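Data first, discussion second: the structure below is written as C-alpha cells.
Here the structure is a predicted model, which is why all the values come from computation and not from measurement.
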Amino acid sequence: MAGGGNNEEELSPDDEHIISASEEEDGSDDESKHAKLLEAISSLGKRKRMKRTERSEASVQVSEFSVNADGTGEKVNLSDLLGTMDKTPGAPNKTKQQLKNLQNRKETLELPLSKQQTEKIQREVAYDKSSKEVSRWETVITQNQKAEQLVFPLRQDPTGPKRMEQVVAGWKAKTPLEKEIFSLLHSNNQPIHDPLLTPAEEASIKAMSLEEAKIRQAEFRKARVLQSYYEAKARRERKIKSKKYHKLQKKAKVKAFLKQFDEMMKTDPAGALEELKKMELSRMQERMSLKHQNSGKWAKSKAIMAKYDDAARKAMQEQLEMNKQLTQKLVVPSDDDDDEERNVEEADALPDFVNDPEPILDSVNPWMRGKLTQEHSEPEVTAVATETAVETKDEGQNGQREDEEEEENEEEKLLREFERKRKLRQDEDDDLVPVPQEEKQGERFSLCFTKPRHFLAIFSKLSLFNRLMKSSSVPPVPEQTGAEEAELLDEGLVRVRTMDDLEALQQDVVMDTTQPAPASATPAPSMETTSEPPKKKKKKKGIDPNEVLTKEAKVIKMPLAPTVVEEEEEEVSEVHAEQTAIIKEAFAGDDVISDFLKDKRKQEKAGQAEVVDLTLPGWGEWGGVGLKPSKRKRRKFRLKAPAPPLRKDQNLPDVIISEKRNSSVANHQVSQLPFPFQNSTQFESCVRFPVGQTWNTQTTFRKLTAPKVVTKMGAIIEPMSKEDLPYKTNSRASLCILYIQSKLLN
Amino acid sequence: MLSGMKVKVLCRNPDDYVRETTRDIQRVPRNYDPTIHPFEVSREYTRALNATKLERIFAKPFVASLDGHRDGINCLAKHAKTLSVVLSGACDGEVKIWNLSKRECMRTIQAHEGFVRGICSRFCGSSFFTVGDDKTVKQWNMEPPGRGLQEEPLNTILGKAVYTGIDHHQTEGTFATCGQTVDIWDEQRSSPIRSFSWGVDSFSCVRYNPVETELLASCASDRSIILYDMRESAPLKKIIMQLRSNTLCWNPMEAYNFTCSNEDYNLYTYDMRRLDVPVTVHMDHVSAVLDVDYSPTGKEFVSASFDKTIRIFPKNSGHSREVYHTKRMQHVICVKWSADNKYILSGSDEMNIRLWKANASEKLGLLTPREKAALNYNQKLRDKFQHHPQVRRIARHRHLPRDLFKQKRELREMKEARRRK
C-alpha cells in the first residue's frame, strides 16, 4: 500500500503540469506557444502511455470526501488501533478482555524452528499420512493373496442390462431397417436415450457388492430349501393315518405349548395372561361338554367290554384321566430338570439356521444331518443329533419315515459304499503305519458337510491350506530367505531338448542322491532314517516314503460286473467243469502256486539270521588233523544273531511282503518336509487325494484343477484402482435372513 | 479243442452312452468305485513326471526379435491402451513405434540429439513423451503425421539440465521427470508445477505409483531411494542403500510394495510403510540389474541385467523361477511385461528388442476346452508333486552359458566363504 501511495505522489505533479499546459494555451507569443504545445503534446502522449499502464486510486492528497489525508507517510501502530477499542461500543467484551491479557503478558514469543527442522517435521507428518493412506489397501491385498483363484482384469464388465447410450455410443442407424426401427421408437416415445435403470435402481445395484450378493443369494437359497423341506414334512405328517401317531403328536404339541407358555410368563407376562385366559376358556368348554366323560357311544361299548378286556378298561381309564387333566386348573411347573429338557426341545424345535451352517433338522435324513461319511458302527454323533434322535424315537414315527426315505438313501448308500471301500483300502495301506490322528480329525471336521466324498476331499484340503496360509502369513525375514531358501532354478551347462535328455537328467538325480550332497545348505539326514527298519520310522518326524508313494504289491479283487445272465444251474455246472479242465490243460506246464511258495520260502530264509562261527581251531588247545575244538569253545564262539522280527506275511499264505527298502523307489521319494507344511501328515494327506478325472467327478475335477490366475486373452490388465476397494459391509443380508426365518417359524 | 470254449460277449445298451441330441454333452459312463481305480498316487505321480518333462520340452520362450534400431536400445514403453504397440528409444536419439502382431516397425522418429533417456505413453494412449540428452521434454502424437508432413513434436519443453527419466500419471494430465531434481509437470505448462530436491544428487529413475496415483518414487545416484507425494511440497522419505539402485517399479496390485534393481546384483522389494528392512531380497543375477518391471497381475516381475540375461522372479521369492538368454543378446538395458500378462519385451545393447513368452511353455493362441482342462490338470499335478526330487529336478533345470555359470559358482563360493567367517 505504502509503495503504491508513493508512486501516485510522484506522478501527480506531471498531471498538474499537463493540466496547466492546456490552460495556458492562449498566452505570450506564438513560437514559444508552439514549442510549449509540442512539448505538451509530446509529454502528453508519453505520460498518457505511462499512465495507462498504471492503476491508481483517487488522489491521495485531495480526497473526494474532503477527508484530510495528511498522515499518509506515517506508520500506524497496532497499539494506536487498539486504543480505540475501548471507545467503540460494538466490540465484544470478551475480545477486549483477551486484548488486555495480551498486553499484560511480558514474555517474548519463541523463535521459529530452523528450516531444516521444519522440513523434517513436515516430511515425517506427510510420510505418516501417506503410509496410513496406503494401508487401506491391505485388506484387498491380503484377500487377493489368499484367494483360490484370481481373474484378471479385476474389473469385468458388469452383467445385466446396460444403458442404451453405453451400447450405442458412436453408432448411428445406417441401414434402412435400423432407421425404420429408430423412427418407430421415436414416434412411440420408447426409451432410446433414457436409461433402462433409474438412478435409484442403479445406486441400489451398486450398493451391494458381488460377493455380498452371492452370499445373500446362497442364504436365500438355503432358506428356500428349508422352507420347502418344512412344507414337505408338514404335508407328510398330515397324511399319516395312524391315530396313535397323531395322539402322540398332539401330546407333544401340548407339552411344547406349556413350555412355551412358561417362557412367556417370564418374558411377556401380558401375552401369557392372554394365553391363560384362552386356556381357561377351553377348560370351561371342556367342563361344559360331555367329551371324555365316558358317556359317549364308544365309552358305553367299552364299558361293556371292560369286564373282560384289559385294554378296554385301560382306554376308559385314560379317557377319565384326560378329562381330569383338561378340567384341572393349571399349575405351572418350573423345575430345573424341566428347564434342561426344554432347552433341548427348543434346540430341536427352532433350528438356528442362521448361526449354524448345517442345521440338524431330521435324524433320519442323512442329507439334512450331514453324517454321510460316517460309518454306521461309529458312535460319534454330535450331541444335538443324539438328542434329536431320541426325540424322534419318542414320537414313534421312525418306521414310516424310513420307508419314505428308502429311495432318497439309495444314492447316498452307493457313495457310502465307495467311501467304505476306499477307507478299507487305505486301512490296508495304513497297516504299516497307524492312521494319523490329524487326518481323522480332518475327516471328522468334514463330516458336517452334506456333499459326497469328493467335496469332502476339497474341504479338508481347503482347511489344510487355510491353516497353512495362516502359518505362512508371517512375512519372511530377508536374511533367512537369503540363507535358507533353496534356489528355484538348477542352472547348469546342459541344454535339455528331448525326452532322452530329461531321462538322463533323472539318472543324474539317482547319482546325486546316492552321493552326499556337498554344497547344499541342509544335509539330508532323513535319507538315513528312511533306511532304518520301518518300526522306528513311525516315530521319526521325517516323511515316511511308504505313506507317500510306495504301494506294496497287493492283490485287489476286481469285482467284475456280470456280463451275461446266468443260465440254468445244471448247464452252468457242466460248463464250469469243462472250463476248469480246459484251463488246467492250458496251464499244465507251469505250476504258479508252488513257484510262489518256493519264492516265499526263499525270502523267509534270506531274512533269517545266520549263525556266525568264530571258533579258531588250535587256539588255547591242541590243534591238528582229526582234532576238533572243544564243545565249550564252540558253544562260546558260535554267535547267534537275535531272532528277526516276525514277518508281516506270516499268516498270509499267498502274499509276500518285502520290508526291504527299495532304492529304486527311494529316488522318487521326498526326503525332507517341504516348506509350507508343518508336519508330515499334512503333506501326506495333501498328496494322497487324487485330483484326476479318473477318481473325481467332472465338476470336482474342474474345481480341483482350477488355475490360480486366470487372464482374459487380449485384455489389458489395468492396475488396481480406487474402485477395487471393498464396499462397506452392510447388515442388510443378515437382516433379510432373519426376516425369512421369523416368517417360516410363524 | 478250443471250439468247446464259451465266449462271453459284452452286450451294451446304446441308451447308456448315446446322447439324445447333438447339443447334449457326451455321455461317458464312469464308475468311480475306488477299487477299480487303484494306485491313484502312483499313477498321478507318473502323470506329473510326464507333465513336467513335457513342460520342459515345450519351453521355448523366445517369440520374436524386432530389429531396426541403429544403436543400443535405452528405453521401452508400452502403449497404454493397445497391446500390440510398443515404443522404444535408442541411444542415437531415435524413437521407433512397433507393431508386435506384425513384428514390424510402424514409425521412426528422430526425437533427440544424443540418447533418448526416457519414454512413456500418456494414460489415454493418444500421445507419448520422450526425454533426451538434449535437455528437452517432447510430446509426440501417437498417430503418424499425414503424408508428406514432417514428424513434429506436439510440444517441446527446454530444460536447464539433462532429464534422465520420465513417467506419466495414471489418470491425470501430469507427468514427472527426473534429472538433477524430480519435477512434476502439468501438460499445459512449460515449467514444472513442483520440483523436489533433497541434497544435491542426480536421479536415474522416477515412477508413479499406479494404484495410489499421487505417490512417486525415485532412485538417486547417492544410493538412495526417495518417496514423494505429488500433493506435498517436500519429499516423504529416503532410504540409503549400499549401492546405487538403477530403476524401480511399483507393484500394480499392491499399493505399498515396490521393487528396485540394484547395482549389487540383487533386487529388493520394499514395503513403503516399513522401509528399514526390505521385504525380500531377490538374488540370482551375476551382474548389475538394470531394469525391472512387474507383471500386470502383480504376482511376478521381470528383471534385466548387465549379465546378458533376463530373469523372472515370483514377487515373494528370493530366487528366480526362470532365466532367459540367447547367444546374441548382450547387456539388457530395459525390460517390460506386456499388459496382458503373456509376453515380456527386452531391449538390449545390440540394437534388438526381443519378445519372450512370460510362461516359457505356454501354448499360444486359442485353446479348446479339453486342451485347457488338460493343461490345468498338468499344472495342478506339477504343483502337487513339485517337492518330489525327480519332478523338481526336471522342472528346475535350466541351461546357462559357460561364463555365466562360472560367475555364478564363483559368487556362491564367495558368499559361502563370507558366511563361514
Side-chain angles (χ1 to χ4, degrees), chain A residues 119 122-123 126-127 130-131 133-135 137 141 144 152 418 421-422 425 475 478 481-482 485 487-496 499 502 505-506 509 513 549 551 556 558 563-564 575 578 582 667-668 670 674 687-688 690-692 694-695 704-705 707 709 711 714-717 719-720, chain B residues 4-6 8 10 32-42 44-45 53 56 83 210-212 215 229 232 234 236-237 252-256 272-273 277-281 296-297 317-321 323 339-341 376-377 379-380 387-390 393-394 396-400 402 405:
Chain A
E119 271 185 356
Q122 275 178 357
R123 276 200 304 263
Y127 175 68
S130 58
S131 48
E133 208 175 79
V134 159
S135 293
W137 293 94
I141 290 167
N144 283 356
F152 292 102
F418 286 172
K421 277 179 188 169
R422 188 177 284 280
R425 256 161 35 74
T481 55
E485 192 185 340
E487 290 188 24
L488 285 181
L489 295 184
D490 193 3
E491 286 145 357
L493 299 172
V494 189
R495 212 187 262 272
V496 172
M499 275 299 219
L502 288 169
L505 255 187
Q506 264 177 275
V509 176
T513 45
L549 261 187
K551 290 280 174 194
I556 286 165
M558 294 255 195
T563 46
V564 178
V575 167
E578 217 172 303
I582 288 167
N667 290 321
H668 294 269
V670 181
V687 168
R688 190 175 285 164
V691 288
T694 324
W695 300 276
L704 285 172
T705 59
V709 173
T711 54
I716 290 180
I717 302 169
M720 205 177 264
Chain B
M5 204 162 160
K6 191 112 188 169
K8 292 187 177 180
L10 287 176
Y32 292 105
D33 187 349
T35 49
I36 55 175
H37 304 293
F39 301 120
E40 61 262 13
V41 178
S42 335
E44 288 219 314
Y45 173 74
K53 284 178 187 171
R56 285 329 302 161
L83 279 174
V211 187
E212 204 57 58
L215 293 177
D229 191 328
E232 306 284 344
L236 297 181
K237 190 97 176 173
M253 289 294 156
E254 297 175 9
Y256 40 75
M272 73 160 270
R273 299 165 303 168
V277 160
V279 179
T280 320
V281 182
T297 59
S317 156
H319 291 278
S320 58
R321 74 152 170 88
V323 54
D340 61 348
N341 197 32
N376 287 345
Y377 180 45
Q379 179 62 47
K380 182 78 194 176
H387 303 295
H388 289 255
Q390 299 283 318
R393 173 72 181 229
I394 293 169
R396 278 168 45 175
H397 180 266
R398 297 289 182 285
H399 167 250
L400 267 193
R402 180 170 293 277
F405 182 71

Checking B:Glu232 against chain A: side chain, backbone, both or neither under 4.5 Å from a heavy atom?
->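 The side chain, not the backbone.
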Please look at B:Leu215 and chain A and tell me whether the side chain, the backbone, both or neither of the residue comes under 4.5 angstrom of a heavy atom of that chain.
->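 Looking at B:Leu215, just its side chain touches chain A.
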With sequence neighbours excluded, what pairs up with B:Arg56 under the side-chain hydrogen bond (donor to acceptor under 3.5 Å, both in side chains) test?
->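 Checked B:Arg56 against side-chain hydrogen bond (donor to acceptor under 3.5 Å, both in side chains); zero matches.
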Please check if any side-chain donor atom of A:Gln122 sits under 3.5 Å from a side-chain acceptor atom of A:Tyr127, or the reverse.
->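 A:Tyr127 and A:Gln122 do not have a side-chain donor-acceptor pair below 3.5 Å.
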CG on A:Asp490 to CZ on B:Arg396, rounded to 0.5 Å =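 Output value for this atom pair is 5.0 Å.
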Go through [options] and name the one with the most non-hydrogen pairs under 4.5 angstrom from chain B.
options                                : result
A:Ala126, A:Ser131, A:Gly492           : A:Gly492
A:Val134, A:Asn144, A:Leu489           : A:Leu489
A:Leu502, A:Thr711, A:Val709, A:Leu493 : A:Leu493

Is there a donor-acceptor pair under 3.5 Å between the side chain of A:Trp695 and the backbone N or O of B:His37?
->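 Yes, because the side chain of A:Trp695 sits within donor-acceptor range (under 3.5 Å) of the backbone of B:His37.
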Applying salt bridge (Lys or Arg N to Asp or Glu O under 4.0 Å), name anything that partners A:Glu119, two or more places apart in sequence or on another chain.
->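 With sequence neighbours excluded, A:Glu119 shows a salt bridge (Lys or Arg N to Asp or Glu O under 4.0 Å) to no residue whatsoever.
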